[in-house]
Every structure is written in structure tokens, then in C-alpha cells.
Amino acid sequence: MNRDASNSRIPDNEPTGNRTLSLDFIRTIVADDVRTGKWGGRVQTRFPPEPNGYLHIGHAKSICLNFGIAREFGGKCNLRFDDTNPTAEDQEYVDSIQRDVRWLGWEWDQLLFASDYFQQMHDWAVELIKKGKAYVCDLPAEEISRYRGTLTTPGRESPSRNRAIDENLDLFDRMRRGEFPDGSKTLRAKIDMTHPNMNMRDPVMYRILHATHHNTGDKWCIYPMYDWAHGLEDSIEAVTHSICTLEFEDHRPLYDWYVDAINEGRGADSKWGEPIHHPQQIEFARLELTDTMMSKRKLLELVRGGDVKGWDDPRMPTLSGMRRRGYTPEAIRNFCEMIGVAKFNSTVDFAKLEFCVRDELNRIAPRVMAVLNPIKIVIDNYAAGQVEELDAVNNPEDSSAGTRKVPFSREIYIEQDDFRETPPPKFFRLSPGKEVRLRYAYFITCTRVVKDPKTGEITELHCTYDPATRGGDAPDGRKVKATLHWVSAEKAIACEVRLYDQLILSDKRRAEAIPNREREPRDESRVHLDAPSAPHDWRSNLNPRSLEIIQQAWVEPSIRVAPAGSTYQFERLGYFCVDSDSSVGRLVFNRTVSLKDTWAKVEKKDLTFHASH
RNA sequence: UGGGGUGUGGUGCAACUGGCAGCACGUCUGACUCUGGAUCAGAAGGUUCUAGGUUCGAGUCCUAGCACCCCAGCCA
């Protein structure tokens, strides 16, 4: 376990090192506390996931916040599993969460489990009972709910509320020992059934759950509720800043109440002992992304329902999905820094995440040529059987990446999109009679189009090449408007390529996809994909075309043995990484993100222009 | 109708204790280019939720509204 002061393997100057000019509101609080010596200058944070699902990009924001703050202020950050509900949790998630936090680039100070504190929490609960601040309630769930009242009407006190302390002690002990069935009794805090804050209306502290826990096994059959447990966990760990999301804002009074209740009567000569540490809870707005659904419950539904292949399906917004998709930890960390931290409930444009991914991959990804939708070209004046090995630059952004050889031959493939028999305006790729450059190879001119006599479909193109342009430059100085990527038809290797689109489509995107569809009158710029809805409602927004598989694409032979996870730029197409489904003779690529495509934009604009005129 | 929050270009965030509203993404131009990528240069885009008030001066302070989000699990 890493006990260093350092909380990550991330170099100090990146990505948060230059955040000096304006701190977000949380870092401002932390900085003030450090400056005034509130906790003796100590900073202790924690990332507290419940192991009931895989981590997603929203968690990344919280992870980078908590670990980042610890690192920036010379503090420490723990990974603590908030594992208080055995019915939802699983060891698989405990493992995946650790993997994903590390992958993101962080290292925790301590690895902790809330379940390790169950005995301490139990003892404190007994203390509250003895102080008359907690009682065993006989009401069943529906009755508790009814007694709670509503948002606008006060609740009523439980008939069990004024039980004698000794009876409460006895009952709670028998709850613990397993004398009562699930749901038959609860331990509740005695606060105020008329409190305007619903959380303060005698909240449940413990429920009976005869369930096996992934960490404690069958040792316990009572489990603490979040509100009771969370502040105590923070207190035990001496957390200084307990950072959580906005929905816990009105739980804060309860968070404070519990710690204060334990501390009541504590002091130097008290039989209860010294006061316990009281951390400060601070809330920030969780991440929302356009066209992305980040509800753990719904993601679980997708996994269980077979809509995706698993938690690490490259379409999933999970960290494991993004990793498989080819997103890098640096890109995600950068993104998290870029979006900032505030209390406003906002939705970040997915394009921003893609920007960060491209930004990073552009720097590090080796370039390679691949043809996804091939059309064959026969170069009539190039000798059959001849093969030339041409020099290609591996990464124009990084001269140290060197060069490689790419084989050229009489028959090659180019992209279907790179040829138009009747080119539209501004199309300056290949068309009959036009000359273009084959990257790193030769200038070619299209001389003939061969079509299937029955279907009229283009089957191949015939071209001539100019031997003087070898390498890609004309000695006479003539220019071409376009440079096309290509692969040798005989030397290229076949591979599978998987193209992804958003799993869930907002109404806005749906409307774009179906132009004639009547637009919704409401503002569609912020569609809450995570909003509560009828069980099947959100599923109707599933994108049927979220995955497109190209069974036979072609890549240059230089990456025949590329290992799973390695990332390349397919020139002019995008960034692709080798999927774990790959086998020795069969490469499978995931498209991580496409390159920015100005032509596609122009073409689309022209199309919509003509369609509407 | 209770309580807790939040409102700044299309989007996400800034703006020290009042002093010319900035940055990034996106969009659009242009330059350059053996990736229609990258890079570079530039532009458009704001009634700082609204209305009053204080002030020489208000995104910032005061008052009153409006809108949106969260809360009635023995989930977290």
C-alpha cells in the first residue's frame, strides 16, 4: 500500500499544477482551511463508492476532485468502499473499482471498507440509545412511510418512540443477534417528526437484513443506513473535507446531527470518552453529459438486458468501457479539470470530452493507413507483381516516433468516400480525369470507371500513376488538391472494425436523425436522460445504430501484431484501438473517436440546404 | 402548499474585499499543410433570470419576484 505523501503517479506539473489563478469553490474552502490551520493544516479526503456497479465518467469527476485536492494540498486521499447494503453489492464491483481508479492514474493512501467499522458504528448506536437519542421502532416499512408525513404536512410520532431505554437496548441487541425477521424492526434516531427537512423525521439508522455481505459474511444481520454510517466513516478516518454531490445537501443537517449526538456529553472526564472528529461535508454538482445516461441502475439494466455486451462495452460511459474504447486516462483527467467544479446543475457537451480525447491521441497515437469501405483501384501502368516499400512518417506531431515502410502495388484500395463519379462542388478528391496524391506514394489520375453491368454499381477504378512523383512530390512542382490514404490490395491485412455512436439518443439527436419528425415544443437542449420515467420510456431512446460492424476492413501490414489496447490514428479517419476480442490472425479495432471532418460538415450543410430549398 | 439549492454568450466555467464581463469547447472566416487532421490568425455570439433600490459606478450590495433542480427507500 502506498503511504507516500503523493496521491498519484501523475507528474506534479500535470494536469492540475497550473491551477493557480482561480480556485473552484471547494478548493477555495480547502485553501482557506489550510491557511488558517483549521485542521492543523491537514487535508484528508476520500472517494467513497458503493460497490454496486462499475465506475463511470461521472465518478471520474469526483475521483479527480478528491484525489486532486489531496495531491495539490499535500494531503491524503483514501479509497473507501461504502458497503453498507449487502443486497446490492458484489466483490466484482470492489475489484473493478480499484482497477478503474488506478487506471485513471490515482493511488489511494489507504484502501478501506465501511463494513470494517460495523462494530464501532454499532457501539455508537448503543450509546445513542443510552442517551435517549435512538429507539427501536416496530412499524413496518409502509407504516413508517405513512407516519413520516409529506413534504408539506408534518409526520406523526411512532408508537414505539417513547420506549424505555433498557427495552430499546434489549430489543436492539436481539435485532443484532438475529431474533427478528427482515423488515420487522428498525433502529431510529429520535429527532423531530415535524421537521421541515424530511431527513430529520426520525430517520432509520439500522435495518434488519439477513444477507451475506461480501466483506463481513454472515457476521451481521443489521446494516447501517447511509446517513448514519457515512459521517461516522468520515470521522473514523479523520476526513477533513467530505465532498459529495448536491442531492446530499439536505442530508448535511443529519450528518452533523449524528456526529453531534455522539459528541454530546463527551469530554475530558466523560464516561463516553473524548469527542469524535467532526468532518465538514461539502456538496458539488454531479457531472451530466449530453446524449449520455449515467444512472447506475439503468446501466445495470443495459448490461442485464443484453443491450450491451457488458460493463466494459465500448459504448458504455463507464471507465472500463471508455478504456476499451481507447479513451486515455490523461484525456479523462484533462476533461475533469476543464469542466470545473460548481454547484450549478449543468450538462457538459460531449464534444468537450471528445476534444480532450483527440487532443491527447493526436500527440501520442502512431499514424497508420486503413481503408474501411474499400473500392479497388488498378493502376494500369504499374507493373503487375511489383511491390515497393515506401517511407511513411509515424507521427508528424512527434519526430522521435520515426518512420516505417508501407508496401505499394498495382492494385490498391481507397475509401469509397474518396471517389465520386460526378463530384459535387468543393469535392476535390478522386473523380474521372482528376489527379490526386496517394499519401507517401504517387500521384494518380483516374482514367476509367468499371461498373457491374447489372446493378450499375462501381466495381473498380482504373488509374495511371506518374512514376516521377514517387514519395508524393511532383518534380515539376504541380500541386494536387487532395491526398488520399490507401492500402495495397495484396499486402493489406483484413480486420474487423467497430464503429460506435451514442447508446442513448436525446430527443434533439433523434430529431436530427429524423428530419420530418415533428419537433417537440419544449427546449430540447437539455434533455434529462436520467430523469425518472416509466420503466420502458427511456429504453425507447436507445440508439438502434449505436454499433456498426465492418466485417472486412483493411489495414497496412505494419501493425499485424498490434497488441490489444494499442491505439492508432487511421489517417484521415480517426483514432482506433485494438479490441480485446482480437486474436492472432484476426485484428478487431474499435473506433475511439473520429477525426474532425470538415468535408463531412460541408457536405452535410449542402445537403440540408438543398433539401430545404 | 414545506425544506434545501442554483441562475453569467449555444455549452461548461472565471471575474480579489463593488471598477472596461474573461477563458475553454462548439460555430463561422482565412492562412498553412503530403491527414479536408494538426497548427496559426481572426470573427460572430451577453439585457450577467426579472423588476426596483443603494452608489460616481452593480454580475458582485439591498428588497421583491420568476424559473429550474433536489428531498416523502428499511438505496447510496
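Here is the naming used below: chain letters follow the sequence lines, and residue numbers restart at 1 for every chain.
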Could you tell me how far apart A:Y206 (OH) and B:A76 (P) are, to the nearest whole angstrom? 12 Å
Nearest-nucleotide wise, let me know which of A:K185 and A:A342 is further upstream toward the 5' end of RNA chain B. A:A342
Audit row: A:D391, A:K405, salt bridge (charged side-chain N to carboxylate O under 4.0 Å, His left out) steps and yes/no: CA-CA 5 Å; A:D391 290 311; A:K405 298 287 188 185; 2.8 Å; yes
Answer with base, sugar-phosphate or nothing: what part of the nucleic acid does A:M225 contact at a heavy-atom distance below 4.0 Å? sugar-phosphate
Could you label the plane-to-plane angle of the A:Y223 and A:H213 rings as parallel, tilted or perpendicular, counting under 30° as parallel and over 60° as perpendicular? parallel
Select base, sugar-phosphate, or nothing to describe what A:P49 touches, counting heavy atoms under 4.0 Å on all strands. nothing
According to a cutoff of under 5.5 Å between the ring centres and under 30° between the ring planes, does A:Y226 stack with the base of B:A76? no
How close or far is atom P of B:G5 from atom CG of A:N345, stated in whole angstroms? 15 Å
A:I26 CD1 to B:A14 P, straight-line distance once rounded to whole Å: 11 Å
Within the pair A:R358 and B:A38, is there a side-chain N or O less than 4.0 Å away from OP1 or OP2? no
Answer with base, sugar-phosphate or nothing: what part of the nucleic acid does A:T598 contact at a heavy-atom distance below 4.0 Å? sugar-phosphate
When you get a sec, tell me which of B:U35, B:C71, B:C25 is the closest nucleotide to the side chain of A:P396? B:U35
Looking across every strand, which nucleic acid part, if any, lies under 4.0 Å from A:D473 by heavy atom: base, sugar-phosphate, or nothing? base
Considering only atom P, compute the distance from B:U29 to B:G37 and round it to an integer number of Å. 13 Å
Mind checking whether A:F576 and A:F570 have parallel, tilted or perpendicular rings, split at 30° and 60°? parallel
Can you find a side chain N or O atom of A:K343 that sits less than 4.0 Å from OP1 or OP2 on B:C69? no
Does A:R201 reach a base, just sugar-phosphate, or nothing at all? Heavy atoms under 4.0 Å. nothing
Residue from A:K185, A:M205, A:H122 passing side-chain contact (heavy atoms from CB on, under 4.5 Å) with A:F172: A:H122
Under a 3.5 Å cut-off for both contacts, is B:G10 paired Watson-Crick or G-U wobble with anything, and if yes, with which nucleotide? B:C25
Do the side chain of A:K352 and the base of B:A24 come within less than 3.5 angstrom through a donor-acceptor pair of N or O atoms? yes
Is the distance from OP1 or OP2 of B:A76 to the nearest side-chain N or O of A:T84 less than 4.0 Å? yes
Base, sugar-phosphate, or nothing for A:H195, non-hydrogen atoms under 4.0 angstrom? nothing
Is the phosphate of B:C74, meaning OP1 or OP2, less than 4.0 Å from a side-chain N or O of A:R148? yes
Does a side-chain N or O of A:R207 approach OP1 or OP2 of B:A76 to a distance below 4.0 Å, or not? yes
Does A:E571 reach a base, just sugar-phosphate, or nothing at all? Heavy atoms under 4.0 Å. base
Which nucleotide, B:G12, B:G2, B:G73, lies nearest any side-chain atom of A:T152? B:G2
Once you measure the plane-to-plane angle for A:H59 and A:H56, does it fall in the parallel (<30°), tilted (30-60°) or perpendicular (>60°) bin? tilted
Under 4.0 Å, counting only non-hydrogen atoms across every strand here, what does A:P224 touch: a base, just sugar-phosphate, or nothing? sugar-phosphate
Across the strands shown, which category fits A:Y223 at heavy-atom distances under 4.0 angstrom: base, sugar-phosphate, nothing? nothing
Please determine whether any donor N or O and acceptor N or O are separated by less than 3.5 Å between the side chain of A:D349 and the base of B:G26. no
Do A:T245 side-chain atoms and A:E247 backbone N/O form a donor-acceptor pair below 3.5 Å? no
Does any N or O donor sit under 3.5 Å from an N or O acceptor when you compare the side chain of A:R429 with the base of B:G36? yes
Please pick, from B:C71, B:G36, B:A15, the nucleotide with the shortest atom-to-atom distance to any side-chain atom of A:S22. B:A15
From the candidates B:G3, B:C69, B:G37, the one with an atom nearest any side-chain atom of A:R367 is B:G37
Applying a 4.0 Å non-hydrogen cut-off, can you work out what A:P154 is touching in the nucleic acid: base, sugar-phosphate, or nothing? nothing
Looking for any heavy atom pair under 4.0 Å, which part of the strands does A:L595 touch: base, sugar-phosphate only, or nothing? base
Reckon A:T153 touches a base, only the sugar-phosphate, or nothing at all at heavy-atom distances under 4.0 Å? nothing
Below 3.5 Å, does any donor atom in the side chain of A:E397 face an acceptor in the base of B:G37, or the other way round? yes
Looking at every heavy atom in both A:E237 and A:N78, which two are closest together, and how far apart are they? OE1-ND2, 4.0 Å
Specify the separation, in whole Å, of atom CD1 of A:I414 and atom P of B:U35. 17 Å
Between A:W599 and A:F428 (judged by ring centroids, cut-off 6.0 Å), do the two rings come close enough to count as a pair? no
By nearest nucleotide on RNA chain B, pick out whichever of A:D82 and A:T469 is the more 5' one. A:T469
Integer angstrom distance from the C1' of B:G18 to that of B:U60: 6 Å
Look at all strands and tell whether A:L390 reaches a base, only sugar-phosphate, or nothing, counting heavy atoms closer than 4.0 Å. nothing
So what's B:U48 paired with, Watson-Crick or G-U wobble, going by both distances under 3.5 Å? none
When you compare B:G26 with B:A58, how far apart are their C1' atoms, in angstrom units rounded to a whole number? 31 Å
Working note: A:N373 + A:D417, criterion side-chain hydrogen bond (donor to acceptor under 3.5 Å, both in side chains); need CA distance, chi angles, decisive distance, verdict. CA-CA 8 Å; A:N373 299 298; A:D417 282 349; 5.6 Å; no
With a 4.0 Å cutoff (strictly under), does any side-chain N or O of A:T87 reach OP1 or OP2 of B:C75? no
Rounding to an integer number of angstrom, what distance separates B:C28 and B:G10 when you compare their C1' atoms? 13 Å
Output the single nucleotide from B:C69, B:C71, B:C13 whose closest atom is nearest the side chain of A:M198. B:C71
Could you work out the separation of B:A21 and B:G59 based on their C1' atoms and round it to a whole Å? 8 Å
Pick the C1' atom in B:G12 and in B:U48, then give their distance to the nearest Å. 16 Å
Under the rule syn = chi within 90° of 0, otherwise anti, which is B:G52? anti
Can you find a side chain N or O atom of A:S346 that sits less than 4.0 Å from OP1 or OP2 on B:C13? yes
In Watson-Crick or G-U wobble terms, both distances under 3.5 Å, what is the partner of B:G37? none
Measuring to OP1 and OP2 of B:A38, would you say a side-chain N or O of A:K596 lies under 4.0 angstrom away? yes
Residue A:E249, side-chain atoms from C-beta onward, closest of B:G5, B:A38, B:C69: B:G5
Taking the six-membered ring of A:Y147, is NZ or CZ of A:R156 closer than 6.0 Å to its centre and within 45° of its axis? yes
If I pick the C1' atom on B:A24 and the same atom on B:C62, what distance separates them, to the nearest angstrom? 34 Å
P-based separation of B:G42 from B:C66 [nearest Å]: 46 Å
Answer with base, sugar-phosphate or nothing: what part of the nucleic acid does A:Q569 contact at a heavy-atom distance below 4.0 Å? base
What's the CZ-P distance between A:F172 and B:C74, to the nearest Å? 16 Å
